[in-house]
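Structure record follows, encoded as structure tokens.
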Amino acid sequence: MRPSSFLLAAALTLSVPAWAQPGRSGAWVPASSTSLAQDYARRGENEKVVFLFEKLSVEEQVSLAVFPVYLESLQALKRYKEAEKLAKKAVKLRPDDATLGVTLGAVYQAAGDASAADKQWQKVVAQLTPAQVLPVAAEFSRRELPAWTEKAYLRGRALAKNDTEYAPQLIRLYTQTQNQAQVLAETLRLVARDDRQLPFVRNMLQNALHEEKDFDALEKQLLSAVQDHPDQAAYSELLLWLQMQRHDFTGALVQARALDRRAQSGGVRVLELAAIAQQNKDYETAIEGFEYVAKEYRSGPYYAAARQRLLQAREAQVRETYPVDPAKVRALVAEYDQLLTELGRNANSASVIRNLANLYAFQLNERAKAMTLLQEVIDMPRASDEVVDEAKVTQGDLYILKGEPWEATLLYSQVEKSHKDSPLGYEAKLRNARLSYYAGDFKLSQSHLDILKEATTREIANDAMQLSLLIQDNTVEDTLGLGLKAYAAVEQLVFQNKIPEALKGLDALLERFPGHSLADDTYYLKAQLLRRTGDFPGAMATLERITNNPKTDVLSDDALFLLARIQEEDVKDKVQAQALYNQVITKFPGSIYVAEARKRFRKLRGDGVQ
């Protein structure tokens with residue numbers, strides 16, 4: 001048996017450096033040459049590392065504990081010939097470890113011999129066995145050699161005779177190297193073979209695709225794949241996901257219906273898509289989706305929900321088509337009555353009655369009728385607590401319309417208490433915060449808003465944050481909040497649907513407080529109200545007071561996006577609308593409106609026509 005390295009070093013008769021001499025006690029300080037060498041390596045004392053390791057046996061030199069440290073020290077000292085010899089010994093004595101061949105190539109590379117390195121790595125890849133593919137690819141990756149990492153995986157794929165073998169690894173590699181074309185090729189190949197990989201593929205694509213041209217390329221390939229392979233549901237699933245990401249709900253609806261027919265899922269997928277389209281104010285797509293479910297599945301479990309959501313989407317569309325057409329509101333009332341006749345007036349249709357009450361209250365100004373309907377919901381046996389308390393919130397809104405804030409806050413507070421830490425409870429608290437804001441009690445309003453800013457519902461938290469910032473920003477210089485009180489009073493008039501009075505109030509505010517920090521908010525609200533009355537030229541001229549002001553920044557993107565919408569939806573000037581949406585995209589790349597502006601821009605340009 002060979003003597004240990006400790007005994008070898010102690011028995012040396014040749015002269016050794018002072019640091020290698022025994023201590024005063026006559027014993028060596030370190031207990032192990034390996035641990036001592038590793039300590040020297042950490043301190044960058046490579047000469048000492050080599051001195052200790054070069055006396056070891058070949059077997060010890062290529063052991064897992066010694067070899068990496070020894071090789072690194074030799075290369076740090078630029079002793080490449082010795083490093084090469086050491087690496088070759090390791091390759092010879094540990095033939096099953098193909099990563100050592102990668103290491104030998106790295107020695108050639110470090111020595112500046114790129115040709116020898118490539119030749120060595122090519123040899124490693126050519127001689128791979130299936131069991132060696134992953135460790136060798138990992139070693140290439142660790143050494144930041146993506147091209148050779150790819151070659152290792154592709155060699156493994158050839159060995160497996162399977163064109164999706166190592167697809168997840170290759171997708172990650174192509175994502176890291178931003179090789180978008182290969183990301184798309186691998187993902188489409190993978191989902192075609194195994195649709196269980198869809199969640200992984202969607203996640204990787206979300207990480208890999210950032211630019212519009214990348215999304216365009218994927219959509220083009222998917223459209224072709226869906227047409228060429230209609231039996232492959234995975235392509236339709238992926239296309240549906242992509243169109244949802246791009247807010248192309250019209251295109252997504254085509255795929256959702258196709259998937260629904262193929263899977264015979266009762267319309268649930270289409271129903272979900274239509275609901276998302278409605279949330280994003282794409283009412284035409286939402287209406288088309290709900291109509292599909294109601295028509296195709298009259299005896300299905302989602303029929304009633306589809307009918308209700310269909311009316312809600314039509315109602316939202318009527319409310320946001322300016323000026324609001326009273327005849328269309330009456331037609332909606334008739335449709336609600338027809339639905340109630342069909343479903344019956346019971347706990348299952350309570351939410352329909354509440355929606356009908358909203359129409360009477362806020363669109364037809366028939367408050368007594370609305371109050372009667374809401375009380376019917378509240379008194380209805382077996383109606384859910386959620387629907388009953390939603391009716392109470394709407395009753396509170398009615399009391400604000402009638403100028404009875406105390407009755408309103410009483411109802412809101414009841415709902416707050418019964419739905420603590422739930423979205424409806426937060427909504428009631430937000431109503432109370434707005435009530436205090438309307439009354440000019442900004443301190444009380446802020447106390448409500450501070451709680452709501454932490455709400456779990458993002459929409460409520462955002463609304464609370466916006467109102468809180470409005471109060472904070474406009475009570476710094478104007479400590480009495482006189483301008484904000486005037487603005488809050490106008491917002492209450494808007495809530496009460498008293499549009500002419502609100503417009504007069506905004507003009508008075510601009511005249512009374514010239515140069516106030518609320519000027520842009522005032523112009524923006526005025527433009528919204530003018531649009532509601534059908535005065536589109538007036539609305540656009542008012543918005544341009546914001547967009548043309550170089551000092552304006554906070555509401556510039558809001559104003560520009562609304563200006564584009566008016567041109568598209570109301571004035572029907574598609575060319576001008578397209579130009580304005582492009583301005584939103586280029587001038588405000590960080591705006592929350594960019595995704596929607598890009599979708600509308602592409603639609604006006606004629607992209608992605610199904």
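Just so you know, residue 1 is the first one in the sequence shown, and it goes up from there.
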Problem set entry | Glu569/Lys574 salt bridge by N-O under 4.0 Å criterion | no

Problem set entry | Derivation of the salt bridge (charged side-chain N to carboxylate O under 4.0 Å, His left out) call for Arg262 and Asp231 | CA-CA 9 Å; Arg262 181 184 289 117; Asp231 57 321; over 6 Å; no

Problem set entry | Atom pair CG (Leu339) and CD (Gln308), whose distance is rounded to the nearest 0.5 Å | 6.0 Å

For this session: Indicate whether the side chain of Glu390 and that of Ser351 have a donor and an acceptor atom separated by less than 3.5 Å.
Result: no

For this session: Applying side chain to side chain contact (heavy atoms under 4.5 Å, CB included) between Leu449 and each of Asp463, Ile471, Leu469, report the one that passes.
Result: Ile471

Problem set entry | Check: Leu240 main-chain N/O paired with Gln255 side-chain donor or acceptor under 3.5 Å | no

Problem set entry | Side-chain touch Leu253/Tyr292, heavy atoms, less than 4.5 angstrom | no

Seminar exercise, completed: side chain to side chain contact (heavy atoms under 4.5 Å, CB included) with Ser418: of Asp389, Val388, Asp385, only one passes, and it is Asp389

Exercise. With no hydrogens and no angle check, is any side-chain donor or acceptor of Ser384 less than 3.5 Å from a backbone partner on Val387?
Worked result: yes

For this session: Assess whether atom OH of Tyr302 is packed by more than 12 heavy atoms of other residues, nucleotides or ligands within 6.0 Å.
Result: no

Exercise. Does the pair Glu284/Arg314 count as a salt bridge with the N-to-O cut at 4.0 Å?
Worked result: no

For this session: For salt bridge (charged side-chain N to carboxylate O under 4.0 Å, His left out), just list the numbers for Glu212 and Arg246, CA-CA rounded to whole Å, side-chain angles, deciding distance to a tenth of an Å, and then say yes or no.
Result: CA-CA 10 Å; Glu212 193 67 17; Arg246 306 186 82 176; 2.3 Å; yes

Seminar exercise, completed: Taken to the nearest 0.5 Å, the spacing of Gln583 CD from Phe561 CZ works out to 13.5 Å

For this session: Might you work through the side-chain hydrogen bond (donor to acceptor under 3.5 Å, both in side chains) test for Gln395 and Glu407, ending with a clear yes or no?
Result: CA-CA 9 Å; Gln395 272 194 337; Glu407 294 292 337; over 6 Å; no

Problem set entry | Gln466-Asn462 side chain donor-acceptor pair, cut-off 3.5 Å | no

Problem set entry | Sidechain-backbone polar pair: Thr285 side chain, Asp282 backbone, donor-acceptor under 3.5 Å | no

Exercise. Run the side-chain hydrogen bond (donor to acceptor under 3.5 Å, both in side chains) check on Glu568 and Tyr581 step by step: do they pass?
Worked result: CA-CA 10 Å; Glu568 178 191 9; Tyr581 285 132; 2.5 Å; yes

Exercise. Is Glu416 paired with Lys420 through a side-chain N to carboxylate O contact shorter than 4.0 Å?
Worked result: no

Exercise. Is there a side chain to side chain contact (heavy atoms under 4.5 Å, CB included) between Lys429 and Tyr412 once you walk through the steps?
Worked result: CA-CA 7 Å; Lys429 183 177 281 294; Tyr412 295 152; over 6 Å; no

Problem set entry | Polar side chain donor-acceptor pair, Gln245 to Gln206, under 3.5 angstrom | yes

Problem set entry | side-chain hydrogen bond (donor to acceptor under 3.5 Å, both in side chains) between Ser591 and Asp557, intermediate numbers included | CA-CA 7 Å; Ser591 170; Asp557 58 331; 2.7 Å; yes

Exercise. Does a donor on one side chain and an acceptor on the other come within less than 3.5 Å for Arg434 and Tyr438?
Worked result: no

Problem set entry | Ser436 side-chain N/O to Asp441 backbone N/O, donor-acceptor pair under 3.5 Å | no

Exercise. Are Asp248 and Lys603 ion-paired here, with the side-chain N under 4.0 Å from a carboxylate O?
Worked result: no

Problem set entry | From Leu444 atom CG to Gln446 atom CD, the distance as rounded to the nearest 0.5 Å | 10.5 Å

For this session: Report yes if the side chains of Leu205 and Leu184 come closer than 4.5 Å at any heavy-atom pair, otherwise no.
Result: yes

Exercise. Does Glu219 reach the main-chain N or O of Leu242 with its side chain, forming a donor-acceptor pair under 3.5 Å?
Worked result: no

Exercise. Does a side-chain N-to-carboxylate-O contact under 4.0 Å join Arg431 and Asp397?
Worked result: yes

Exercise. Counting only N and O atoms by type, is there a donor-acceptor contact under 3.5 Å from the side chain of Ser236 to the main-chain atoms of Leu259?
Worked result: no

For this session: Look at Arg307 together with Glu342 and state whether they make a salt bridge at an N to O cut-off of under 4.0 Å.
Result: yes

Exercise. OH of Tyr437 to CG of Leu435: how many Å apart, nearest 0.5 Å?
Worked result: 12.5 Å

Exercise. So Arg367 and Asn365, side-chain hydrogen bond (donor to acceptor under 3.5 Å, both in side chains) or not? Walk me through it.
Worked result: CA-CA 6 Å; Arg367 298 171 188 171; Asn365 203 28; 3.2 Å; yes

Exercise. Can you tell me how far the NE2 atom of His448 sits from the NZ atom of Lys453, to the nearest 0.5 Å?
Worked result: 14.0 Å

Problem set entry | Residue pair Asn432 / Thr409, side-chain donor-acceptor N/O under 3.5 Å | yes

Exercise. How about Leu273 and Met244: do any of their side-chain heavy atoms sit closer than 4.5 Å?
Worked result: yes

For this session: Take Tyr523 and Leu543 through the side chain to side chain contact (heavy atoms under 4.5 Å, CB included) test and state the conclusion after the steps.
Result: CA-CA 7 Å; Tyr523 283 126; Leu543 287 170; over 6 Å; no

For this session: Determine, step by step, whether Arg257 and Glu288 satisfy the salt bridge (charged side-chain N to carboxylate O under 4.0 Å, His left out) criterion, reporting the C-alpha distance in whole Å, the side-chain angles of both residues, the deciding distance to 0.1 Å, and the verdict.
Result: CA-CA 11 Å; Arg257 282 192 301 225; Glu288 189 178 348; 2.9 Å; yes

For this session: Considering only NZ, NE, NH1 and NH2 on the basic side and carboxylate oxygens on the acidic side, decide whether Glu335 and Arg330 come within less than 4.0 Å.
Result: no

Problem set entry | Electrostatic pair Lys504-Glu501, nearest N-O below 4.0 angstrom | no

Exercise. Going by atom types alone, do Arg532 and Asn497 pair a side-chain donor with an acceptor below 3.5 Å?
Worked result: yes

For this session: Kindly say whether Ala263 contributes a backbone atom to a donor-acceptor pair with the side chain of Asp260 at under 3.5 angstrom?
Result: no

Seminar exercise, completed: Rounded to the nearest 0.5 angstrom, the CD1-CZ distance for Ile353 and Arg345 is 4.5 Å

Exercise. Within the distance-only criterion (no hydrogens, no angle test), does the side chain of Asn280 pair as donor or acceptor with the backbone N or O of Ile276 below 3.5 angstrom?
Worked result: yes

For this session: Using a strict cut-off of less than 4.0 Å between a Lys/Arg side-chain nitrogen and an Asp/Glu carboxylate oxygen, indicate whether Lys295 and Glu291 qualify as a salt bridge.
Result: no

Exercise. Just by distance, do the side chain of Ser413 and the backbone of Leu410 share a donor-acceptor pair under 3.5 Å?
Worked result: no

Problem set entry | Sidechain N-carboxylate O distance under 4.0 Å for Arg269, Glu237 | yes

Exercise. Between Glu320 and Lys281, is there a salt bridge with N-O shorter than 4.0 Å?
Worked result: yes

Exercise. Do Asp228 and Tyr235 have side-chain atoms, one donor and one acceptor, less than 3.5 Å apart?
Worked result: no

For this session: Assess whether side chain to side chain contact (heavy atoms under 4.5 Å, CB included) is satisfied between Tyr322 and Thr533, documenting all intermediate values.
Result: CA-CA 7 Å; Tyr322 304 114; Thr533 64; over 6 Å; no

For this session: Would you sort out whether Leu239 and Leu218 count as a side chain to side chain contact (heavy atoms under 4.5 Å, CB included), showing the intermediate values?
Result: CA-CA 9 Å; Leu239 182 55; Leu218 176 58; over 6 Å; no

